[in-house]
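This report refers to the structure that appears directly beneath it.
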Amino acid sequence: MPTQPNTDTAVPRAPLLWACAAFGGGVLLHIDRVPAWASASALILILWRCATAGSRWYPGILLRALLALILVGLVLLRFHTLNGLAAGTTLLMLMAALKLLETQRRRDQLVLIAAALFLLVAACLDRQQLSR
């Protein structure tokens, strides 16, 4: 007899996918302004989280911390600072993408939507054409 999922602990899939779509839109706004490896990393993490939306598997704290240190180091190597519009936008994009590795609750999804809004503001600060 197949077991039914426990609805008390099941994470709703649709809100997570919408949060990933909003964050993905923010990433795509900067795809031509940030390093290609940063955009690729963010998009891969978005796709990974969408693919595992029904799963309750999350990487451990050590793996997440190691990935965060590596990505901050790469941003420092590329920009030689964490300040400024380009470096800050890249760092925000990567850290929000890492947040996808631990999205378990509604609050985590709201953090992703907030990061997408900040990426939208950064895109407006960077390029102020009417088409943007």
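Everything quoted here is computed from the prediction, not taken from an experiment. Computed from heavy atoms alone, side chains included, the values below leave out hydrogens, waters and symmetry copies.
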Suppose the criterion is salt bridge (charged side-chain N to carboxylate O under 4.0 Å, His left out): which pairs have a residue in residues 74-100, not counting sequence neighbours?
K99-E102, K99-D108
Find out if a path of hydrophobic residues (ILVMFWY) with successive side-chain heavy-atom gaps under 4.5 Å connects L85 to L82.
no
Exercise answer: donor-acceptor pairs, residues 20-27 side-chain atoms, under 3.5 Å, sequence neighbours excluded:
none

Given S39, which of I31, L28, D32 fulfils the side-chain contact (heavy atoms from CB on, under 4.5 Å) condition?
I31
L29 to R127 - nearest heavy-atom pair and separation
O-NH2, 2.9 Å
In sequence, state the C-alpha distance, the side-chain angles, and the governing distance for R64 and L67, and then conclude on side-chain contact (heavy atoms from CB on, under 4.5 Å).
CA-CA 5 Å; R64 290 191 318 255; L67 282 172; 5.8 Å; no
Is there a side-chain contact (heavy atoms from CB on, under 4.5 Å) between T81 and L76 once you walk through the steps?
CA-CA 5 Å; T81 185; L76 274 172; 5.5 Å; no
Heavy atoms of A68 and M95 approach each other most closely as O-CE, 4.0 Å
Can you name the nearest heavy-atom pair linking Q109 to P15, along with the distance?
OE1-CB, 3.4 Å
May I ask you to decide if L119's main-chain N or O and H30's side chain share a donor-acceptor pair within less than 3.5 Å?
yes
For F79, I'd like to know if atom CZ has over 12 heavy atoms of other residues, nucleotides or ligands within 6.0 Å.
yes
Should L94 and L74 be marked as a side-chain contact (heavy atoms from CB on, under 4.5 Å) after you check the CA-CA gap, both sets of side-chain angles, and the distance that decides it?
CA-CA 10 Å; L94 292 171; L74 287 172; over 6 Å; no
Same hydrophobic cluster for L63 and L98, using side-chain heavy-atom links shorter than 4.5 Å among ILVMFWY?
yes
Give the minimum heavy-atom separation between T90 and A38, together with the two atoms involved.
CG2-CB, 3.7 Å
Measuring from L101:CG to L45:CG, what's the distance to the nearest 0.5 Å?
5.5 Å
From CA spacing to verdict: side chain to side chain donor-acceptor pair (under 3.5 Å), T103, R49
CA-CA 9 Å; T103 50; R49 188 61 183 121; 2.7 Å; yes
Neighbour count >12 (heavy atoms, 6.0 Å) for atom CH2, W37
yes
Rounded distance [0.5 Å steps], CE in M93 versus CG in L43
8.0 Å
Testing the basics here: between L92 and A115, what is the closest heavy-atom pair and its distance to 0.1 Å?
CD2-O, 4.1 Å
Between I70 and L66, is a side-chain contact (heavy atoms from CB on, under 4.5 Å) present by the stated rule, with each step listed?
CA-CA 6 Å; I70 289 170; L66 180 64; 4.0 Å; yes
What pair of heavy atoms forms the shortest contact from A87 to V75, and how long is it?
O-CG1, 4.1 Å
